[in-house]
Amino acid sequence: MQQIFNYILKNSTKLLFLLLLTISLSLTIQFHSFHRSKIINSANFVTGGVYERINSVNEYLNLKTENEGLANENARLKSLLYNLKDTTKTIDNELLSSFGNYNVIQSKIINNSYNVHENFLTINSGTSKGVKPDMGVVNSKGIIGIVENTSKNYATVISVLHVKSQINAKIKKTNHFGTLTWNGKNTGYVQLIDVPRLASVKKGDTIVTGAQSIIFPENINIGTIHKIYTDNKTNYFTIDVKLFNDMTSLGHVYIIENKDRTEILKLEAQTLDE
């Protein structure tokens, strides 16, 4: 206690100055509306900033749930997009799984290789969610690859950046078909080969999935024509296609099941055996 009294006596001048300053500021704020409004606005700015940061933290903590909900909703919308021809009709969510030729399963990429010639991705959905080999994998920008192997909760996907990948694709405006491959050189570009030289092609034309694919629905985006090469030994173009997707940065994806695939393959096998 004696130390406190000694401190007060030693610093009495400073303490008196602070006391008088506090009283004067209080009187100024109380009797002058301009100063009072400035103080109130400053306090609101501070507390508002705190609340905003708290809200931002809450939004961040709920971001995963929000993203999952949006991804599931997009999966339902894509089911409609791939199957519904009359867009004026509505459909209940319970009917989506049995509607049209395609099912859509929402998933997420948890591992992604893109720096070797045979690139694979891993997704966090497997047989427990109905994922099977040879299902197409896409996102909002375009195709990503094809399911290769599955376990109960996971699956691996052959990326379009795989030198053995072959996907039926076409030039959107002319419907001329070719085979989508990758030469293993650049992660931003794939190649469309075996395009007839009679096809009208130019830089910037859009490349999409073709109708001959039994894995992907027709007209799923792939990319745009970047360069066109003429093979003098054949009657075909080889086209560099700039991908819409950045294959080095992928998140939520959609797995597409063609429900008629087995029937189509069985019929074709019977035809070949005859």
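Hydrogens, waters and symmetry mates are skipped; everything else that's a heavy atom, side chains included, is used.
- Taking CD1 from Ile207 and NZ from Lys170, the interatomic distance works out to 10.5 Å, rounded to the nearest 0.5 Å.
- Residue Asn101 comes nearest to Asp260 through the heavy atom pair OD1-OD2, 3.0 Å, listed as atom of the first residue, atom of the second, then distance.
- Under the 4.5 Å side-chain heavy-atom criterion for Ile, Leu, Val, Met, Phe, Trp and Tyr, Tyr236 and Ile228 are members of distinct hydrophobic clusters.
- Think of Tyr229 as one node in a network of Ile, Leu, Val, Met, Phe, Trp and Tyr side chains linked at under 4.5 Å; it has no links at all.
- Annotation: side chain of Leu267 is in contact with side chain of Gln270 (closest heavy-atom distance under 4.5 Å).
- The two residues Ser128 and Asn153 come nearest to each other via the heavy atoms OG-OD1, 3.5 Å.
- Nearest heavy-atom pair, Met135 versus Ile215, reported as atom, atom and distance to 0.1 Å: C-CG2, 3.9 Å.
- Interatomic distance, His162 NE2 to Glu148 CD, rounded to the nearest 0.5 Å: 7.5 Å.
- In terms of hydrophobic clustering, with Ile, Leu, Val, Met, Phe, Trp and Tyr side chains grouped at heavy-atom distances under 4.5 Å, Leu121 and Ile167 are assigned to a common cluster.
- When all heavy atoms of Ser107 and Ile255 are compared, the closest pair comes out as CB-CD1, 3.7 Å.
- Taking CG from Asn115 and OG1 from Thr187, the interatomic distance works out to 9.5 Å, rounded to the nearest 0.5 Å.
- Within the 4.5 Å cutoff, side-chain heavy atoms of Leu243 are placed close to those of Leu161.
- Closest approach of Phe177 to Ala211, counting heavy atoms only: CE2-N, 3.5 Å.
- Ring orientation note: the planes of His117 and Trp182 are nearly perpendicular, at an angle over 60° on the 30°/60° scale.
- Linking Ile, Leu, Val, Met, Phe, Trp and Tyr whenever their side-chain heavy atoms come within less than 4.5 Å leaves Ile220 and Val208 in two separate clusters.
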Side chain to side chain contact (heavy atoms under 4.5 Å, CB included) evaluation trace for Ile239 with Gln191: CA-CA 5 Å; Ile239 298 171; Gln191 287 65 48; over 6 Å; no
Derivation of the side chain to side chain contact (heavy atoms under 4.5 Å, CB included) call for Tyr154 and Asn124: CA-CA 5 Å; Tyr154 301 96; Asn124 63 352; 4.1 Å; yes
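- No hydrogens or angles considered: nothing links the side chains of Asn168 and Thr209 as a donor-acceptor pair under 3.5 Å.
- A distance of 9.0 Å separates CG of Leu250 from NZ of Lys141, quoted to the nearest 0.5 Å.
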Side chain to side chain contact (heavy atoms under 4.5 Å, CB included) between Ile146 and Phe216, intermediate numbers included: CA-CA 9 Å; Ile146 299 171; Phe216 295 98; 3.9 Å; yes
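- A search for side chain to side chain contact (heavy atoms under 4.5 Å, CB included) contacts involving Lys202 returns Lys173, Asp205, not counting sequence neighbours.
- The line from CD1 of Ile193 to OG1 of Thr179 is 5.5 Å long, rounded to the nearest 0.5 Å.
- In terms of heavy-atom proximity, Asn258 sits nearest to Ile214 at ND2-O, 3.1 Å.
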Worked verdict on Leu180 versus Ile143 for side chain to side chain contact (heavy atoms under 4.5 Å, CB included): CA-CA 11 Å; Leu180 196 74; Ile143 68 169; 3.9 Å; yes
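- Side-chain contact check for Thr174 versus Val201: every heavy-atom pair is 4.5 Å or farther apart.
- Within the 4.5 Å cutoff, side-chain heavy atoms of Ile144 are placed close to those of Met247.
- The side-chain heavy atoms of Val137 and Tyr254, taken from C-beta on, include no pair separated by under 4.5 Å.
- Val160 and Tyr114 end up in the same hydrophobic cluster when Ile, Leu, Val, Met, Phe, Trp and Tyr side chains are linked at under 4.5 Å.
- Across Val147, Val131, Thr150, a single residue satisfies side-chain contact (heavy atoms from CB on, under 4.5 Å) together with Ser125, and that is Val131.
- With contacts defined as side-chain heavy-atom distances shorter than 4.5 Å, the pair His252/Asn139 does not qualify.
- One hydrophobic cluster, built from ILVMFWY side chains closer than 4.5 Å, cannot hold both Ile158 and Ile105; they sit in different ones.
- Once rounded to the nearest 0.5 Å, the distance linking CD of Glu218 with NZ of Lys172 reads 10.5 Å.
- Between the side chain of Ser159 and the backbone N or O of Phe120, no donor-acceptor pair lies under 3.5 Å.
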